[in-house]
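Contents: one structure, followed by commentary.
Proteins get letters first, then strands, A, B, ... in listed order; numbering begins at 1 in each.
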Amino acid sequence: MSLESLPTRYDPESFESSWYERWESSGAFSPEVPSDRPPFCIVIPPPNVTGILHIGHALQFTLQDLVIRWRRMQGYNALWLPGTDHAGIATQVMVERQLAKEGLSRHELGRERFLERMWQWKEEHKDNISRQAKALGSSCDWTRERFTLDEGLSRAVRRAFVTLYEEGLIYQDRRLINWCPRCHTAISDLEVVHHEHDGAMWDFAYPLEGGGEIVVSTTRPETMLGDTAIAVHPDDPRYTGLVGGFAIHPFLHRRIPIIADADLVDPELGTGAVKVTPAHDPNDFETGRRHDLEFINILDSEGRINAEGGPFEGMDRFEARKAVLEALAEKGLLRGEKKHPMSIGRCQRCDTVVEPWLSKQWFVRMETLARKALQVVRDGEIKLVPDFWIATYEHWLENIQDWCISRQLWWGHRIPAFFCPRGHVAVSETPIDTCPECGAPVEQDPDVLDTWFSSGLWPFSTLGWPDESEDFRTFYPTSLLITGFDILFFWVARMIMMGCHLAGDIPFRTVHLTGLVRDAKGDKMSKTKGNTIDPLEMVHTYGADAVRFTLAALASPGRDLPLDVKRMEGYRAFATKVWNAARFVQMKLEGDEPALEELDLRLLDPAERWILSRLSRTVREVNRAWEELRFDEACRLLYHFVWHTYCDWYLELAKGVAGRREVRAVLRGVLLQALELLHPVMPFITEEIAAHLGHDGMLITSRYPEPVEAWEDEALEAGFTALQELIGGLRSYRAMVGLAPRHPIGITLVNVDTDRAAFLQAHAEQLAQLAAVESIGTGEPPEHSVHELLGGMEVALELPAGSLGEAQIDTIRRQIDQLEKARISTEKRLANEAFLSRAPAEVVEGARRQLDETITRLKRLRATIEAVGG
RNA sequence: AGGCGCGUAGCUCAGUUGGUUAGAGCGCAUCCCUCACACGGAUGAGGUCCGCGGUUCGAGUCCGCGCGCGCCUACCA
């Protein structure tokens with residue numbers, strides 16, 4: 001067997017894309033349907049179809065790919081289903097901006113032509129995301145790629161809407177909604193972002209009909225144009241005579257009733273009298289309903305004062321605020337102004353201040369949906385990871401409001417509701433022309449649905465629902481969802497509600513909520529701050545494997561990820577390390593190495609059996625870590641095994657004996673398993689190396705390693721730990737006394753357990769190689785030797801006399817101080833009657849042993865100073 | 001205002017059911033270009049585990065209070 005040798009330099013760009021093509025064209029990304037193998041399915045959180053990949057996506061893609069590759073290698077019938085979202089407002093805003101540059105508005109263009117532009121834009125950008133996903137190595141099944149506006153998914157949306165409508169869970173109502181005057185659409189409560197803001201509160205007086213005045217406070221003076229009542233507390237003695245009377249509007253001259261309302265008014269606050277604007281404030285809206293007040297809408301869709309505002313008509317709402325205050329002052333009605341910190345709601349998409357606005361919209365009734373969604377999480381049917389999110393999830397669902405789902409946009413799923421001139425409403429999955437009730441011609445509702453409505457169906461609509469498709473039967477409920485905690489309500493909760501209600505089962509069994517990727521200083525990344533990190537640039541500079549490993553290693557549960565490119569450099573160094581180790585192994589191979597399973601353990605030397613034992617334990621722990629979604633831990637384990645166990649120790653131990661066939665087989669076999677273990681995180685480099693080592697088939701379809709109990713040998717590992725500690729101790733000792741690393745030294749093991757001593761003596765060659773030990777004896781130590789406790793063993797070292805300088809003696813003295821402290825604390829513990837009687841026997845025994853060791857060690861250190869010091 | 005999370009080495013973070021001399025990576029210092037690797041090797045320095053109190057033979061770990069930071073939810077005119 002002659003294999004092409006690995007290039008000297010690790011150059012990820014030279015092989016990454018070709019591996020991706022090989023995987024994809026081999027069909028490895030597609031599951032078998034039907035299949036006898038257990039299913040494992042992840043649906044991707046669909047990115048904006050015209051968006052570009054940011055580092056947060058890179059994190060989620062990495063973790064999803066990692067789990068999918070691992071499960072696929074474990075033999076699951078794995079499907080990672082990719083796709084994109086039409087992202088209603090966000091995308092429409094982009095195209096509208098583009099139009100604005102041409103001096104056009106969507107209204108000038110008309111709905112049909114505007115939508116053509118939208119689709120054109122979508123076509124131009126739709127490959128961005130998939131291209132970037134591929135660069136990261138994402139093993140999605142592209143043959144199943146979906147887009148929320150595809151025919152199939154649109155059908156699912158219509159079915160969902162009609163079903164919910166027929167069940168009375170979707171209804172139309174005229175009420176206060178959040179209106180964005182810039183986007184010209186209603187938005188849901190979740191799409192309003194609240195920020196603290198230095199506002200002000202003004203007091204002004206309403207003249208009373210029979211003379212006198214009543215003073216009210218407000219943070220929004222312009223809304224007084226829509227006031228239709230003044231409310232006081234029924235028990236407030238200051239106002240008892242006034243209830244039932246009227247005030248006169250100073251600008252509009254209408255009579256305003258004074259009412260008593262215990263729910264709205266807190267007599268302790270301000271003057272205890274409140275202006276009521278039912279059409280522009282949620283609390284006042286409720287009050288208006290309770291008291292059957294007039295609802296006067298004073299704003300148009302642009303946020304300007306309409307004809308109801310009399311002299312203020314045509315003014316923008318903020319202009320009107322100033323003008324109203326000035327006019328009040330002019331009339332001598334303004335009574336005061338004070339600072340008032342308040343939170344103000346803005347549109348998530350465009351940052352415009354949102355207006356509570358009266359309009360007719362479609363809503364989803366949340367009560368029953370939420371109850372079920374709560375239950376499946378409480379019962380553990382759906383697991384949230386980390387589980388502290390359960391409390392947040394519950395709190396939100398318990399206080400949930402009905403969801404406004406209609407949007408006055410064009411880019412999206414048109415609401416399948418039809419109106420006839422007589423006021424009948426018909427809802428239908430297929431287009432209709434005439435009213436089913438009266439036969440009159442109908443018009444379809446011009447509005448579209450909230451994007452999250454279709455996203456809420458994603459886990460089943462992508463699998464073919466409402467059809468009982470093979471994919472749906474095979475993969476629903478899906479296995480795992482990995483997404484950011486920031487869309488727990490927007491998306492996760494809604495999928496759970498919709499899935500349970502419409503698809504007949506939970507949408508996924510486990511939800512892993514990732515943290516936010518931040519910059520090296522822990523600041524949030526943002527384009528305006530200019531601290532964003534472009535994942536593709538990272539892939540280009542460090543290689544996709546290093547990027548993936550970094551993100552996975554940083555992904556501690558429930559924490560944000562402070563991303564420092566230093567970290568990425570470190571993991572590229574790790575990739576280079578793997579590469580170089582492989583080059584070394586490859587150089588030693590002769591082509592006749594049997595697989596690990598074919599080796600007779602009894603014919604192997606301890607070093608080989610040791611690395612196999614370490615490997616098996618690592619395999620066990622890595623599998624457990626993946627199982628628990630502890631990506632950080634798995635990465636740590638892999639890093640440590642490959643670098644600090646395999647490279648630092650095993651390769652060094654094997655160097656002298658690598659000519660032997662068994663040793664070569666172990667060198668190769670362990671490396672191959674390490675590559676398999678690493679493959680889910682570092683798919684490219686592992687494939688490249690494995691191919692050069694003559695691995696049979698691609699890693700992507702190989703079997704993921706499983707622990708081999710027969711390889712595990714605790715006693716042997718203890719022996720190696722002793723050997724390592726002896727070598728480390730000797731090196732450390734040399735450094736301390738200033739003895740050159742290669743200066744030969746003789747050692748004698750004093751009072752060391754016979755088996756252990758024999759084991760160490762059997763490794764004389766390795767001791768010579770790694771610690772320049774020229775002789776290793778047992779029994780009586782030679783005269784003038786220095787005694788040390790290395791690896792828990794008493795070792796006599798033959799050192800040149802007088803080799804300790806002041807600095808070295810200082811070091812020893814510091815160690816003595818430290819040990820003295822330990823000795824005193826242990827003695828104290830052992831003198832404590834309560835400790836002896838209550839602590840478990842093995843703990844007490846451990847303390848005794850420790851004390852003995854400490855005392856011996858102290859003795860040796862002092863002897864050392866005597867023997868070789870000064 | 002309520003809820004949640006965090007506070008461990010210079011930096012970023014681990015730390016399993018409480019077990020006693022608290023770990024990793026990076027950074028730093030000293031030495032070494034030893035025939036896989038200087039994106040490397042060897043060795044080392046560095047911590048009152050935010051503070052106070054409690055439970056316990058024993059607390060980074062459990063409980064209470066406080067301080068600081070972050071996030072989420074909320075219609076305080």
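- Atom name C1', nucleotides B/rC65 and B/rG23: the rounded distance is 30 Å, in whole Å.
- Annotation: proximity of residues 627-652 of chain A to RNA chain B (heavy atom, distance under 4.0 Å) is found for A/R630, A/R636, A/Y639, A/W643, A/H644, A/C647, A/D648, A/L651, A/E652, numbered in ascending order.
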Review item, nucleotides 4-7 of chain B N/O atoms under 3.5 Å of protein N/O:
none

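- The interatomic distance linking A/Q769 (CD) with B/rA42 (P) rounds to 14 Å, in whole Å.
- A cation-pi contact, defined as under 6.0 Å to the ring centre and within 45° of the axis, links A/K655 to A/F584.
- By the 6.0 Å and 45° rule, A/R494 stacks over the aromatic ring of A/W403.
- A distance of 6.0 Å or more separates the ring centres of A/Y393 and A/F489.
- Taking atom C1' on both B/rC31 and B/rC67, the two are 46 Å apart, rounded to the nearest angstrom.
- Side-chain contact of A/H692 with A/Q586: a donor-acceptor pair under 3.5 Å is absent, judged by distance alone.
- Side-chain nitrogen and oxygen atoms of A/T576 include none within less than 4.0 Å of the OP1 or OP2 phosphate oxygen of B/rC37.
- Residue contacts shown for A/Q850 include a base, since a base heavy atom lies under 4.0 Å away.
- By the ring pair (Phe, Tyr, Trp, His ring centres under 6.0 Å) test, A/H640 is found to be paired with A/H644, residues two or more places apart in sequence or in another chain being considered.
- Using a 4.5 Å cut-off on side-chain heavy atoms (C-beta onward), A/V517 and A/M525 make contact.
- Counting to the nearest Å, the P atom of B/rC76 and the CG atom of A/D266 are 13 Å from each other.
- A cation-pi arrangement is not found for A/R572 relative to A/Y542, the charged atom failing to lie both closer than 6.0 Å to the ring centre and inside a 45° cone about the ring normal.
- Going from the P atom of B/rU61 to that of B/rU20 covers 14 Å, rounded to whole Å.
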